[in-house]
Structures are given as C-alpha cells and as structure tokens.
Amino acid sequence: MQMVQELAEVDEIIAKYGGDKSAIIQVLLDIQREHRWLSKGVLKEVSQKLEVPLSQIYHLATFYKAFGLIPKGRHSVLVCLGTACQVRGAPRLLDKVIETLKIRPSETSADMRFSLDTVNCLGCCALGPVLVVDEEYHGKPSTKEIQEITTARE
Amino acid sequence: MPRLKSATDLERLKQEILARVDGKRIVSITNGTDGKTRHSEAVVQAFIDEVEKQGLADKVIVKSTGCHGFCEKEPSTVIFPEEICYVSLKPEDAPEIVSATLIENKIVDHLLYVDDDGNKIVHESEIPFYKYQSRIVFGNNRLIDPKNIEDYIALGGYTALARALLEMTPEQVLEEVKRANLRGRGGGGFPAGIKWETTRNAPGEIKYVIVNADEGDPGAYMDRSLLEGNPHSVLEGLIIGAYAIGSHQGFIYVRQEYPIAVQNLSVALEEARRYGLLGPDIFGSGFDFDVKVHRGAGAFVSGESSALMTAIEGRVGEPRPKYIRTAVSGIWERPSNLNNVETWATVPLIINKGAEWFTGIGTEGSKGTKIFSLVGKVNNTGLVEVPMGMTLREVIFDIGGGIPGGKKFKGVQTGGPSGGIIPESLLDTPVDFDELTKLGSMMGSGGMIVMDEDTCVVDVARYFLNFLAEESCGKCVPCREGIYQMLKILNRICEGEGREGDVEVLEEISEVVRDFSLCALGATAPNPVLSTIKYFRDEYEAHIKERRCPAGVCKALISYYIEPEKCQACLICLRNCPVGAIIGGKNLIHVIDQEKCTKCGTCFEVCPPRFDAVTRLSGAKVPEPALAGTEVARKRGEKNE
Ligand SMILES: Cc1cc2nc3c(=O)[nH]c(=O)nc-3n(C[C@H](O)[C@H](O)[C@H](O)COP(=O)(O)O)c2cc1C
Ligand code: FES
C-alpha cells in the first residue's frame, strides 16, 4: 500500500518537470527530499517513466552525495568537515559525536533514530566547528551539549 | 505591477519606490544562512512587532536582508541613513533599540561593536572589519530584501540592462567587458570578455549562458551570500551577457546544500518575469531571454565547466577532454558560456560605470575587487571585499584583526583544495591572480583560510588530498591513482610511519598528476602538497625523521601527560575523559593510562588554566608515572579558589 502511495508521489514529481529526461537529477533530488532515500522500486519507476536505463540512474544515485540508497534515520546529524571547521577542530567534534551516537559517518543507528553524515562547508564557517541536528545549527558544541541535543530526540 | 516596457518605465518605477520610502529610517537586519543559525528570524520579527507597537510603522522600514559580511557578529543591524550598527543581537534587544535610537535618537551603548582597544564604534564604516573594504559588489546586500525586486530597482538595479539593450549593440557590450579586463572569479581568472566572444562567434543558432553557483570549495561561501542576498545583481549580469553573446536561454547551477539561495533565486526569477525583465521582448528591445535553475546534487568535480554542463543535461557530471572548449561545444554540444556568480554580478557595474572606472581599481593584471571568505583561525571571520592588490597581511591583520588567543600566524590557504598555503614571510604579497599563482597557490574562488601555530600543515595537505581523492571522478588515471598514492604517503607520514624519501616521491607523483590529468581537479591537486613542502619542509622532516608533529596535531605522534607537580586532583579531566583513561581520585594525583587514551584532547581542554597540568608531548617519551596515585600534598580547599 505504501509503495503505491510512494510511486504516485514519484509520478507527481516527474509530472512537475513535464516528464523531461534532462531533469532527472532534479527529480531524484525531490524524491530524496520527500522519502529521505531512493528505493529500488522508486528508481525503477523513474527509469520507466523517464525512459532512462536503470543502470544510468544507479550511476547518478551513487555519484552524487545528496542521494542515499538506504533508508535514513528519523533525525539527521551532520558534522561539517569543511576547511574552516577542520582547522577549528572538526575532527575532534566528529569523534565526540561518533562516541555519543555510537555510529560512524554514513551510518544509521539500528533503532532508526539517527543518521550521521559529514558535509563540506555549510557556509557558516564563523560558527565552526558546526554540528547540525535536524536543520538546527550548533557552533562549537561541548560533549555535554551534544549529549543534550541527542537525548532530547526520540 | 505592469511589465516594464522601456527605460522610462524603469525610471518611473524607481522614482515611485524612492518617493514611497523617502524620509523613512531603514532598519536592515542580517537574515541569511549565518544569521539564521543564530535565530535572526526571531530578531527580525521582534523588530517588526516593536516598530508597530511603538507607533513607528509609517516612519520605519524593517528590512530582512542577506549576509552583510561580518558573520562573526550576526545577527546585526545597520540603521540608515546614519549607518548606526548594532551587533550580536537578540530578539530582546529590539524594544530598546526602537525606543532609544529610532524615537529618541540615542545610541544604545552596550550593543555597539567594541574594538580591540575597548573603543565602542557607532558607525558601520568605522568598524575596522569594514573600514578597509571596498564593497562595490557585496555592499548592496545591506539595502536589499532579496525577495523584493523593488529594493534592487530602488538602488538603480536593471538600469545597466536597460542601457545595454536599448543604447548599445551586443558588440559594444562585449567590447566594454573586454576593455574592463574582467577576469573570472570562479577559479582560473580567465578573461570573461574573451570567453564571451568565443561563444558569440561559435557556429550555431542556439547558445547558452550559465551561472556557476556550485561553490565546491569547502570553506568558501561568497557565492552563496551574493546569490542569497542580491540575486538580481547576478541575474542582471547574466541577461546582459546573454545579449552580448546572442543567447536566449540561461541556466543557474546552484548546489542544493544552499536551500535559501535556491529559494531566493526562484523568487527573484518569478519577480523578474512578472516585471518583464525575463521573457519575450525585454524592455521592448526585441531581445528574448529566460533562465532555468538546476540544483547540483553534491559533487565537487561537477563545478568544473564540462562536468557542470553534462550534469545540466541530466547525466553524471564528469569532465571530458577539452580539445574543443565548452565555449564552442557545451550543453547538448551547443556553444555555452559559463561564468561564476561573482563574475556575473560585476557585469552590471561595468556597464553602468564604464570600463575606465573598473580598470581604475586593482592591479595591472587583475582589475576590480574580489570577495574573500576569511575564515579559520582569525579574529574577524566573514566575507570581505577588497580591491585587487591589497596585501594578504592587510586582509588578515587589518581587516581580520589577526589571530585569536595570542597565537602565532602560520600560513594562509588560498584557492581551496586547488590552492596552496602561503607562509608568514610572503604575507606582503598582493592578492592578484598572477601573484598568487606564482607562489604555487591560486586565487581560486576566494577562500582564505587562516592557520595558526596549532595547525599542522602536513595534516592540512592530507586533508585536501583526502577531499580530492574522494571527489575525483576516477575517469583519468593520473588523478585517480596519483592522488590516491599521494594520500597513502601523507597518511603514513601523519601516522608516524613516514620514510626517508617520501617527500621526494610526493614531488615526483605531483608532477605526473599535474601534467597529465584530464581536468583542473587533478592538475591543481598537488598544490596543497607542493606548497607545504616548499614552505614548510622542516615540518615534513620532523614527522618523518623525529616522529614529531610540531603543531601537536597528528594523533599518532602525540601523547597527553599530566604533570604530577601541577595536578591538583580536581577530578575535572577524570570525569570528562570519554574513555575512562584517567586513573586517580579525590586527593590522588591523576595519571593518564596511555594504553587506553584515544588522544582526543579533552583533558587538555578542560584542565583549568590556573592549574595548567595537562601537557601535550610530541617527539618525546611520556615520563614514567612514578608518582601515580600519590596523595596531593597540599590540602585542597586551602590553596585552590
Ligand atoms: C574540480 C573543479 C571544481 C570547480 N568548482 C567551481 C565552483 O564551484 N564554482 C565556480 O565558479 N567555478 C568552479 N570551477 C571553475 C570552473 O570550471 C570555471 O572555470 C568557472 O566557473 C568559470 O567561471 P569564471 O571564468 O567566471 O571564473 C571548478 C573547476 C574545477 C576543475
Ligand atoms: S567549513 Fe564548516 S561551515 Fe564552512
């Protein structure tokens, strides 16, 4: 049932771009935002509707960082590893986050609570090193703050 | 609003807008990405509410703008016409500012910027961070609500477009840009006019113009701030370029990691269409043009021109060999002209003020201004726009206020992953495309990352190579394999397993990667390594020969040690250690279990400065814990606090 619904959403997104093949990256971005990942069923649908071979779509989906081929957790945790954050101690921040969440970058916790990812510059270097939890920005968070931020989320 | 059909329409609208705002105070509040991270949205709302509450709604305009540049102090406000500037605002500050400054014309002392000597500064232009800048491209951000096209028009926006379309031939526009010697702000500094001309003269009816807003350099964000804060300036430049080139379709390639930029841009395009500035017959000139937005899905290499164009076609954004340039054969093999956000935004200025004015700013080979993102270990972090030719020292010390915490300056990385680190001895180099290239770095898109004595340059080189290894598309061998091999060596050096001759091998591989890679990603990838070898060779040698990291960064080469004479057994480090590696207790001197220690540095950070008991050792053996568990002789409570 859920799949039917998901495919309907996909069709809607494709229609928004007028079924234009060249808009495929835009289509995938929209699906990624809605579903938070790209499932095989969904990609097959895109392949059929846009008449783009599935292998090509997988090439796109693995080439670009914005796409994920596994389901994401309920809360997204991002650690910026851009240069400015890097020189201000981002690696140590990342260690602390790994320690707290017990998952590594690109992983999702078994209870689907958190997904941890790293990014390159969010454009708020003045705050660095930056941690973003569900679009909420935290500059230079301490170990205690990280724990508070994460325990507050179900 | 009716479509603008002529220059007269535009002028009339401008006068109407000016009459509407005449005599009103403007409270401009930063509300871009940086501000939002500090709740600027709430600050803007607080001002709107307060102005209403205190009965000033018809005398004061509260403007929510993009970033003003001084990100460190945002959200901040500038109150016009006086240009009174208040920094680091909270929503609670609104009532006081409204009643004191807007009603009683008094300055709110405690919200002013305080300089290093403790002086409070009232006017924005007197703040050292702004004082030495020339914000000809970026300065308008302060007066523009990016979602309101009329703010841009009020400042004379789209008059350059009207002039180009109605008073100049495409050839004249092209000539003006060529005479201005406008060089590309996105990477290589290629003369924009010459590129435009190539596309213009290339065979084919259909041509494209493109804005590169992929901004892949991790640590640079001027393109985002410009697009986010003043999207119409970029759009106006693009339309003018399209006219000169003979293109009727444009693309803006913007990375999806910049949601506010995408949003503001979409609003700007819609408004421009509504006002007749995009679409058929712009200003009644007979020239048609429209633009599509393409969001980039996150790949550094897709910022390269041929890769970006492939991505716009909906394929994987990988570069191709450029026997035929993209200016001749780009998107769908049609002539396509790509320029950076900042390059396009400079075009309207050149058309309005003329090539002579533009070439009056800057150096012999680099004209105009450049926006840099001044970040890292520097006091005043933010976006700075300076005339070409200003020295690095002036940018970092006069504008940036030097290095925080009394630390020593070590180097500055310009040009992002394609650039190099420039040492203290060369700080008097002017910022100029050619001068920076001569030093083995480059201007790049304008990232300027300041590093202090606590930064390990070998580790930084490794960081960039790691970034590039991950971002290399893998299409050509020198880049794919070369960078990987270089990274392996750098990893080894940082892990304390460097070998004699490693530096020489790095140099050798660099040459191959530089000369034989398919695109500039590979061709410039050795820069971070070669520049650090050139200017900081002793640090490589310390790592390799002495197993020592002079900056105390490389984990494998450092240890933490608690000096027994200084330890007050306060338990702070013991409680904070994430892996329980500290042995000790109340009244018992603490000792780090070196086996368990992960060298995270937490103990070093939390040890109260008045005790200063934790030290970082590199290249030296950790002393045996002879005193482990010994009681602290001094009675606690008598001596401490
Ligand atoms: C790997 C790679 C990444 C690039 N990324 C960007 C980018 O993010 N933004 C940009 O404007 N130029 C980028 N460039 C430079 C572009 O290829 C191109 O030179 C530039 O956009 C042209 O505009 P300009 O002449 O106005 O500078 C990149 C180049 C390479 C090789
Ligand atoms: S480098 Fe982290 S926000 Fe820019």
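Each chain gets a letter, A, B and so on, in the order its sequence line appears, and its residues count up from 1. None of the values given here were measured: they were computed from a predicted structure.
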Decide yes or no on side chain to side chain contact (heavy atoms under 4.5 Å, CB included) for A/Lys65 and B/Glu471, but give the supporting numbers first.
CA-CA 10 Å; A/Lys65 279 193 282 301; B/Glu471 297 292 342; 2.4 Å; yes
Give the C-alpha distance, both sets of side-chain angles, the deciding distance and a yes or no for side chain to side chain contact (heavy atoms under 4.5 Å, CB included) between A/Val87 and B/Gln413.
CA-CA 11 Å; A/Val87 305; B/Gln413 167 88 16; over 6 Å; no
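A pairwise comparison of heavy atoms in A/Leu29 and B/Gly296 identifies CD1-O, 4.3 Å as the closest pair. Taking all atoms of both residues into account, the shortest heavy-atom contact from A/Asn120 to B/Arg255 is O-NH1, 4.0 Å. Here the shortest heavy-atom pairing between A/Ala126 and B/Glu72 reads CB-N, 3.8 Å.
Contact tally against chain A (heavy-atom pairs below 4.5 Å) for B/Cys473, B/Gly219, B/Pro578: the top residue is B/Gly219. Taking chain A as the reference chain and counting heavy-atom pairs below 4.5 Å, the highest number among B/Pro218, B/Pro417, B/Gly314 is found for B/Pro218. Between chain A and the options B/Glu257, B/Glu318, B/Glu215, the largest number of non-hydrogen pairs under 4.5 Å is found for B/Glu318. Here A/Ser22 is the residue among A/Cys121, A/Gly82, A/Ser22 with the most heavy-atom pairs under 4.5 Å with chain B. The most heavy-atom pairs under 4.5 Å with chain A, out of B/Phe70, B/Tyr221, B/Tyr463, come from B/Tyr463. Your options are A/Leu122, A/Thr83, A/Leu28, A/Ile25, and the one with the most heavy-atom pairs under 4.5 Å with chain B is A/Thr83.
Neither the backbone nor the side chain of B/Lys599 comes within less than 4.5 Å of any heavy atom in chain A. When heavy atoms are compared at a cutoff of 4.5 Å, B/Ala220 approaches chain A solely by way of its backbone atoms N, CA, C and O. If you measure heavy-atom distances from B/Leu374 to chain A, you find no contacts under 4.5 Å at all. B/Glu228 does not touch chain A: none of its heavy atoms, backbone or side chain, sits under 4.5 Å away. Only the side chain of A/Arg92 has a heavy atom closer than 4.5 Å to any heavy atom of chain B. Within the 4.5 angstrom heavy-atom criterion, no atom of B/Val553 approaches chain A. The contact between B/Asp459 and chain A is made entirely by side chain atoms (from C-beta outward), counting heavy-atom distances below 4.5 Å. Contact of B/Ser302 with chain A is made through the side chain alone, with heavy-atom distances under 4.5 Å. For a residue to count as touching a neighbouring chain, one of its non-hydrogen atoms must lie under 4.5 Å from one of that chain's; by this rule B/Arg315 touches chain A with the backbone only. Proximity to chain B is limited to the side chain of A/Glu99, based on heavy atoms less than 4.5 angstrom apart.
For B/Asp217, there are no side-chain hydrogen bond (donor to acceptor under 3.5 Å, both in side chains) partners, not counting sequence neighbours. Residues passing the side-chain hydrogen bond (donor to acceptor under 3.5 Å, both in side chains) test with A/Arg153, sequence neighbours excluded: A/Asp134, A/Glu136.
The interface of residues 140-149 of chain A with chain B, defined by heavy-atom distances below 4.5 Å, is empty.
The backbone N or O of B/Gly317 sits less than 3.5 Å from a side-chain atom of A/Tyr64, completing a donor-acceptor pair.
Heavy atoms of other residues, nucleotides or ligands lying less than 6.0 angstrom from CZ of A/Arg36 number more than 12. Enclosure of atom CD in B/Glu605 by more than 12 non-hydrogen atoms of other residues, nucleotides or ligands within 6.0 angstrom is indicated. Crowding of B/Lys596 atom NZ: a count of heavy atoms from other residues, nucleotides or ligands under 6.0 Å not exceeding 12.
With A/Arg88 as reference, B/Thr381 is the one residue of B/Thr455, B/Thr381, B/Asp454 to meet the side chain to side chain donor-acceptor pair (under 3.5 Å) rule.
Residue pairs meeting the salt bridge (Lys or Arg N to Asp or Glu O under 4.0 Å) criterion with at least one member in residues 108-125 of chain A, sequence neighbours excluded, are A/Lys72-A/Asp117.
In summary, B/Arg295 and A/Asp30 engage in a salt bridge, as defined by a charged side-chain N under 4.0 Å from a carboxylate O.
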